[in-house]
Structure formats: C-alpha cells, structure tokens
There are 2 protein chains.
Amino acid sequence: MPDRGITPAVRNRTRTATIEVVKISEGVEWAAHCCLLLDWMGEDGPVSTARLAAGYGLPPAYLNKQLQPLVKAGILTSTAGKKGGFRLARPLGEITLMDVLAAIEGPAEAFQCAEIRQNGVWADLPASAFRAPCAIDAAMRGAELEWRRALAAQTLAAIQSNAELQAPGLRTQVQEWYARPRQ
Amino acid sequence: MPDRGITPAVRNRTRTATIEVVKISEGVEWAAHCCLLLDWMGEDGPVSTARLAAGYGLPPAYLNKQLQPLVKAGILTSTAGKKGGFRLARPLGEITLMDVLAAIEGPAEAFQCAEIRQNGVWADLPASAFRAPCAIDAAMRGAELEWRRALAAQTLAAIQSNAELQAPGLRTQVQEWYARPRQ
DNA sequence: CCTTATTTGGATATGTAATATCTAGATATG
DNA sequence: CATATCTAGATATTACATATCCAAATAAGG
C-alpha cells in the first residue's frame with residue numbers, strides 16, 4: 001500500500017503511547033533457550049545454527065550472530081566445517097542467567113549516571129564533593145546489584161528442571177521432534 | 001565535512017564493539033535530580049522548567065517532556081500560566097526510585113518473553129504445557145522483582161540525606177546559586 | 001483587556017541501537 | 001574437491017531515545 005507522503009510519525013500516531021525503555025534484547029531469550037536445547041541434544045555431537053533456529057522458528061543468520069558472544073564468553077564451544085556446530089562448554093548447572101545476560105548485553109550497568117549534578121548548581125562546590133559518587137547513582141547501583149545477584153543465583157539446570165516438571169517427557173519430545181524429517 | 005557517499009555503518013566502523021542494551025533512559029536521572037531540587041527550592045512557589053533545566057544544564061524543552069509523566073504519575077503537580085511551574089506532590093520520603101522509574105519508563109518488565117518455545121520443538125505438546133509460564137521467563141521475572149523491591153526501598157529523602165552528608169550545606173549552596181543573576 | 005510566561009500536547013527531526021541479511025574467508029568432512 | 005559449517009564484516013531496515021518547535025490553554029500583572 002502506498003505511503004502518499006505520510007511520515008512515520010503520522011503513521012505511528014495510533015500506536016500505544018507507553019514506552020518501554022528498560023528492555024532486554026530478545027537475544028537473551030534465544031540464548032537461554034538454545035542452551036537448554038543443546039543440553040537435550042548434546043549427545044549426538046555439535047548442533048548447527050540451522051537446527052537450533054528451526055527448533056524455535058528463529059532467523060538462522062541472526063541467531064548465529066547472537067550465539068557468537070556466547071562462544072566468546074566461554075558458555076558454548078563451536079566447531080567449524082561439515083558436521084560442525086555448537087556445544088555447551090560446561091554443564092547447565094554451571095551456567096547462570098547472569099552469565100547469559102552478561103555475554104549478550106555486555107557488562108554495562110542499566111543506569112548510566114551522566115553526572116548532571118556537575119553541570120550547574122553544584123558547579124561551585126569544592127572538588128571534594130564529587131569524590132563521593134552521586135547519591136542517586138549509588139542507590140540505582142545498589143538496586144541493580146540485587147538484580148544481578150538474583151540472576152546469578154538462577155542456573156540453567158534449575159530452569160530446565162522446572163520446564164521438565166511442567167511438561168513431563170520433554171527431553172524425549174524434543175529428540176523426537178528433531179528426528180522427524182523437515183522439508 | 002562532506003560525506004563522499006560513506007554510509008553510517010562505514011563511519012561507525014571504529015566505534016566500540018560492546019553493546020549496552022539494558023539501559024535506563026537519562027530521563028530517570030533528570031527526574032530524580034529535579035525532585036531533589038524541587039525540595040530544596042520548594043518554598044518559593046512552583047519552579048519553572050527553565051529554572052530546573054538551568055540548574056543542571058539540560059535542554060529545557062526536552063526536560064519539560066520528561067517531567068510531564070511525573071505529573072501524570074502524581075509525583076509532581078504543575079501550574080500553568082505566569083509564575084507557574086512544578087512542585088512536589090508529596091514529601092521526598094514518600095517518593096521512591098521505583099516510583100520515578102515507573103513514571104518515566106512505564107510499567108513494562110525489562111525481560112519480554114516472546115514465547116519462542118511455542119514455535120517449534122514444543123509445538124506438538126498439549127496446550128496444558130503452556131498454561132505454566134515459560135521457565136526462563138519465570139526466572140527472569142523473579143530476578144527483576146528483586147530489583148524492583150530494592151528500588152522501592154530507596155526513598156528520595158534517603159538519597160537527599162546522603163547527598164547532603166557528602167556536601168555539607170548543600171541546601172544553602174543551591175539557593176545561593178539560584179539567587180545569583182544569570183544572563 | 002492585553003501582554004507575558006508558563007504548561008500541555010502534537011508534530012517533527014535526528015542519531016543510535018536492535019533486528020536481520022548477505023558475502024567472503026576459514027575450517028573441517030568425506 | 002564439493003559441501004557444510006563457523007567467523008567477521010558490511011549493509012539494510014525498523015524502532016526508539018533524544019531534541020526541538022509550534023499551537024492551544026492557562027494564569028499573572030499591568
């Protein structure tokens with residue numbers, strides 16, 4: 001359908017007004033699911049991007065891009081060449097959600113203090129006042145630390161165990177699904 | 001300097017490779033700082049966007065945009081017209097960092113589960129398997145809850161108190177800074 | 001009543017990051 | 001040697017954070 005010169009801003013006028021800024025990229029979800037899948041399928045050698053992508057209906061090329069930082073982080077190992085693919089570098093019990101998040105999103109904190117306090121009102125204060133971190137920044141960092149602690153307490157093994165409790169026989173189901181021929 | 005047909009991707013080639021996706025918008029920092037400022041200055045009636053912006057060297061028009069959700073959330077009250085501006089709607093002790101974050105960023109969780117489990121491998125499972133939430137999603141939500149709990153435990157009053165401990169006489173300093181004539 | 005200073009809401013502009021694809025090169029299988 | 005794979009980089013597309021501007025409503029003060 002033609003645009004008729006309508007700008008994006010006008011086209012989006014009716015979209016929901018609520019912004020969601022603090023957002024984790026989908027790559028984290030993909031990575032965590034793929035780790036579970038690799039554990040279920042890991043006995044037959046490395047699993048290729050194509051097979052992992054097919055398992056969750058994901059775009060293969062982009063999934064491959066997302067898996068590469070996991071290799072760099074030492075969560076997965078990769079093998080090139082025919083029959084190549086990805087393997088878990090260590091058992092699920094030794095991989096936490098924090099590991100996955102840090103691998104995909106990087107180590108940066110969610111709250112990035114821009115130190116705006118130094119721009120105006122505080123400008124005349126002695127330099128000693130800025131040695132201590134911004135009180136807002138400190139509070140935000142403290143809260144984020146709680147988040148990271150909770151993420152680090154969740155191993156993929158525990159998550160897999162919960163998933164299997166919800167859907168008994170999941171491991172078998174997965175292996176059967178992959179055994180069936182696909183077009 | 002002319003572009004010579006160089007694409008953005010090429011221009012950015014040398015930028016840092018690390019991505020930081022989980023990010024809180026600067027508006028949260030601005031909003032929290034402005035609340036502290038409003039408490040320090042609140043006795044002389046409402047404070048205009050222009051004065052708040054000058055206090056931290058922020059763009060006035062955009063700061064005004066960021067303050068509006070705080071009004072909607074009931075953290076600030078606003079008065080239109082000459083001598084108008086913003087006031088705290090309640091004492092700093094009754095405003096938490098969670099209140100500010102929720103006002104600016106909206107109520108959405110950082111981890112948005114796309115339910116990719118339903119796309120492939122799980123497709124043949126009975127519907128009952130999907131009544132329980134995705135185990136990865138549940139773990140992420142639990143960790144985020146810890147973050148929110150910690151943010152909700154931090155009042156702006158406590159943060160202001162810390163700031164004043166770091167820089168004694170801050171309240172006086174702020175009022176003097178604003179009393180001085182500005183071009 | 002008029003001028004001025006302000007908030008509010010919408011439209012718009014710009015830059016950057018997430019999402020996604022493609023190609024070339026390296027690597028391994030058989 | 002042909003094929004299948006990972007790796008790295010370039011590129012394309014879309015969404016969103018950032019930022020500005022304008023019109024309308026509102027209030028203060030002469």
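Predicted, not measured: the structure shown is a model, and the values here were computed from it. In what follows, every chain begins at residue 1, and chains take the letters A, B, ... in the order their sequences are listed.
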Enumerate the residues from residues 34-48 of chain A whose closest heavy atom to DNA chain C is under 4.0 Å, giving them by residue number; use none for an empty result. none
According to a strict under-4.0 Å criterion, is [X] in side-chain N/O contact with OP1 or OP2 of [N]?
X: B:Q68; N: C:dG9; value: yes
X: A:T49; N: D:dT5; value: no
X: B:K72; N: C:dG9; value: yes

Which whole-number value in Å describes the distance from [X] [atom1] to [N] [atom2]?
X: B:N64; N: C:dG9; atom1: CG; atom2: C1'; answer: 10 Å
X: B:E29; N: D:dT18; atom1: CD; atom2: P; answer: 11 Å
X: A:L52; N: D:dT5; atom1: CG; atom2: C1'; answer: 13 Å
X: A:E26; N: D:dA15; atom1: CD; atom2: P; answer: 13 Å
X: A:L70; N: D:dC6; atom1: CG; atom2: P; answer: 13 Å
X: B:L58; N: D:dA17; atom1: CG; atom2: P; answer: 18 Å
X: B:L67; N: C:dT8; atom1: CG; atom2: C1'; answer: 12 Å
X: A:W30; N: C:dT19; atom1: CH2; atom2: P; answer: 7 Å

For B:D39, what residues pass the side-chain hydrogen bond (donor to acceptor under 3.5 Å, both in side chains) criterion, not counting sequence neighbours? B:Q160
Looking only at side-chain N and O atoms, does B:Q166 offer a donor or acceptor that is under 3.5 Å from a partner on B:N162? no
Flag for A:Q173-A:W40: side-chain donor and acceptor within less than 3.5 Å: no
Is there a donor-acceptor contact under 3.5 Å from the side chain of A:Y178 to the main chain of A:R51? yes
Check: A:A114 main-chain N/O paired with B:E29 side-chain donor or acceptor under 3.5 Å: yes
Looking at residues at least two apart in the chain, or sitting in another chain, which of them share a salt bridge (Lys or Arg N to Asp or Glu O under 4.0 Å) with B:R87? none
Checking B:E26 now: which residues fulfil salt bridge (Lys or Arg N to Asp or Glu O under 4.0 Å) with it, not counting sequence neighbours? none
Just distance, no hydrogens or angles: give the donor-acceptor pairs under 3.5 Å from side chains in residues 133-153 of chain A, sequence neighbours left out.
residue : atom : partner : partner atom : Å
A:D137  : OD1  : A:R141  : NE           : 3.2
A:D137  : OD2  : A:R141  : NE           : 3.2
A:E144  : OE1  : A:A110  : N            : 2.8
A:E144  : OE2  : A:A110  : N            : 3.2
A:E144  : OE2  : A:F111  : N            : 2.7
A:E146  : OE2  : A:R149  : NH2          : 3.0
A:R148  : NH2  : A:A108  : O            : 3.3

Return the polar atom pairs (N/O with N/O) between nucleotides 20-26 of chain D and the protein under 3.5 Å, or none.
residue : atom : partner : partner atom : Å
D:dT26  : O2   : B:G81   : N            : 3.1

If you only use heavy atoms from C-beta on, which nucleotide in C:dT7, D:dT7, C:dG30 is closest to the side chain of B:F86? C:dT7
If you find the nucleotide of DNA chain D closest to A:A50 and the one closest to B:T79, which residue's nucleotide is nearer the 5' end? A:A50
Salt bridge present between A:D99 and A:R90 (N-O < 4.0 angstrom): yes
